[in-house]
Amino acid sequence: MQELIVICGPTASGKTAVAVELCLAIGGEVISADSMQVYRGMDIGTAKPTAAEMHGVPHHMLGVAPPDEPCSAALYRERATEAIEAVNARGNVPVVCGGTGLYIDALTRPMGFFARGDSGVRGPLEAAAAEPGGKERLHATLREIDPESAARLHVNDVRRVVRALEVYRLTGRTLTQQRALDRARDGAYRGRLFGLSWPREVLYRRIDRRVDQMMADGLADEVRRLLDAGLAEGTTAMQGIGYKEIARALAGECGLDEAVERVKQATRNYAKRQLTWFRRDERVVWIEAEGRSARDISREILARKENP
RNA sequence: GCCUUGGUAGCUCAGCUGGUAGAGCAGUAGACUGAAAAUCUACGUGUCGGUGGUUCAACUCCGCCCCAAGGCA
């Protein structure tokens with residue numbers, strides 16, 4: 001099974017530059033693993049690498065989907081797998097780089113992603129959950145058909161409870177049964193994950209600075225362009241950090257300064273969630289990034305890859 | 001100088017006819033299988049501005065002082 005190098009870590013940890021350095025060193029091409037960079041027209045707010053930052057290294061899975069229809073981990077895996085195989089065919093090395101843990105797992109772990117979301121099934125379930133006592137009833141229903149999942153999921157985690165019921169209605173198998181089937185299979189690739197690590201306070205300061213830079217680079221204009229193009233608030237893409245907050249400011253709900261503060265706050269919260277995700281992944285080899293150049297870090301990754 | 005209103009958790013504030021206090025946010029930790037930058041969970045001892053007094057008991061009532069905002073001179 002092919003081994004995939006994956007550069008991961010929280011937002012603003014410097015993954016992009018490290019991936020590029022690594023590719024320059026080994027003849028690689030970057031496969032982005034980012035749930036927001038896949039959308040077209042969302043560049044500044046997603047910190048999509050610019051042409052200058054790419055240094056001629058080909059990048060894939062950037063801006064490959066229209067922002068008005070949601071992408072998904074399963075869809076991502078399909079497209080990313082195609083991209084990886086194309087890189088292989090060219091005789092180059094695919095280097096996965098991104099902060100969306102689920103997308104990385106979609107490539108490197110056996111995950112079924114059984115049953116595409118179906119609004120005909122999901123809609124009524126969500127409506128039922130919204131009624132008084134509805135969450136409790138749905139959770140009780142799940143407990144009957146799939147006690148293990150019910151025990152695993154909190155009553156308030158409506159999204160996952162609904163999804164578990166949806167999978168059962170759509171496939172006739174419970175989530176627990178589906179997951180058991182997964183365990184018997186292999187993932188598409190074996191992941192060699194390298195995570196970039198920073199002292200928390202330093203990372204938070206980098207985030208604040210980067211948001212200011214995004215504003216200077218024209219984030220507000222980018223959001224306005226998307227809204228003018230008809231992208232509705234509440235779509236998956238518009239739930240991206242930086243987009244939902246600025247959109248509200250543009251609608252006059254708050255000042256731009258206040259929106260910027262919220263973007264920073266939301267980004268810091270997000271970085272922390274990413275850390276929780278990657279920390280529990282036993283495959284991740286953590287690399288101290290503070291005070292080091294991207295090239296230096298990429299050298300360490302190569303060395304560690306050869307001598308585990 | 002006088003009057004008024006405030007001073008309670010990192011921040012914004014609630015509260016007590018007197019029985020030593022609690023929300024939201026932040027922070028920290030965790031979860032996560034076709035929405036994942038989403039969604040969900042857990043964690044609250046702080047000189048209740050200071051100091052005297054009344055009281056069995058004061059964050060709560062009274063006096064004085066300090067600080068902030070506003071008003072009057």
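So you know, we letter chains A, B, ... as the sequences are listed, proteins then strands, and number each from 1. Both backbone and side-chain heavy atoms feed into the values below; hydrogens, waters and symmetry mates do not.
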Between the protein and nucleotides 40-43 of chain B, list the N/O to N/O atom pairs that are separated by less than 3.5 angstrom.
unit_1 : atom_1 : unit_2 : atom_2 : d
B:U41  : OP1    : A:N156 : ND2    : 2.6

Taking the P atom in each of B:U4 and B:A42, what is the distance between them to the nearest angstrom? 46 Å
side-chain N/O A:R200 vs B:U28 OP1/OP2, d < 4.0 Å: yes
Using atom P of each nucleotide, how far apart are B:A9 and B:G71 to the nearest Å? 27 Å
Within the structure, does a side-chain N or O atom of A:K272 lie under 4.0 Å from either OP1 or OP2 of B:A29? yes
For a quick check of understanding: with a heavy-atom distance under 4.0 Å over all strands, which category does A:Q265 fall into, base, sugar-phosphate or nothing? sugar-phosphate
Can you find a side chain N or O atom of A:Y76 that sits less than 4.0 Å from OP1 or OP2 on B:U33? no
Please check the phosphate of B:U33 (OP1 and OP2 only) for any side-chain N or O of A:R152 closer than 4.0 Å. yes
Using atom P of each nucleotide, how far apart are B:U60 and B:C16 to the nearest Å? 14 Å
If you look at every strand shown and take non-hydrogen atoms under 4.0 Å, does A:T267 touch a base, only sugar-phosphate, or nothing? nothing
Mind checking if A:G117 touches a base, just sugar-phosphate, or nothing, with heavy atoms under 4.0 Å? sugar-phosphate
So what is the 5' to 3' dot-bracket string for RNA chain B, if pairs are Watson-Crick or G-U wobble with both distances under 3.5 Å, crossing pairs use [ ] and | means the partner sits on another strand? (((((((..((((.....[..)))).(((((.......))))).....(((((..]....)))))))))))).
Pairwise C1' distance, B:C62 and B:G1 [rounded to whole Å]: 24 Å
Does A:N269 make a side-chain N or O approach to OP1 or OP2 of B:C25 shorter than 4.0 Å? no
Using the P atom as the reference point in each nucleotide, state the distance between B:A38 and B:G44 in Å, no decimals. 26 Å
What contact category does A:E261 fall into here, base, sugar-phosphate, or nothing, at under 4.0 angstrom with non-hydrogen atoms? nothing
Please work out if A:R122 contacts a base, only the sugar-phosphate, or nothing of the nucleic acid, heavy-atom cut-off 4.0 Å. base
Counting the atoms with a prime plus P, OP1 and OP2 as sugar-phosphate, which does A:T236 contact under 4.0 Å by heavy atoms, base, sugar-phosphate, or nothing? sugar-phosphate
Assign A:G242 to base, sugar-phosphate, or nothing according to its heavy-atom contacts below 4.0 angstrom with the strands shown. nothing
Does anything in residues 113-138 of chain A form a salt bridge (charged side-chain N to carboxylate O under 4.0 Å, His left out)? List the pairs, not counting sequence neighbours. A:R122-A:E166, A:E131-A:R137
Short side-chain N/O contact from A:Y270 to OP1 or OP2 of B:A38, under 4.0 Å: no
Using the C1' atom in both, what is the distance from B:U20 to B:C59, to the nearest Å? 7 Å
Taking B:A21 as the reference, what is the distance to B:C48 when you measure between their P atoms (whole Å, please)? 11 Å
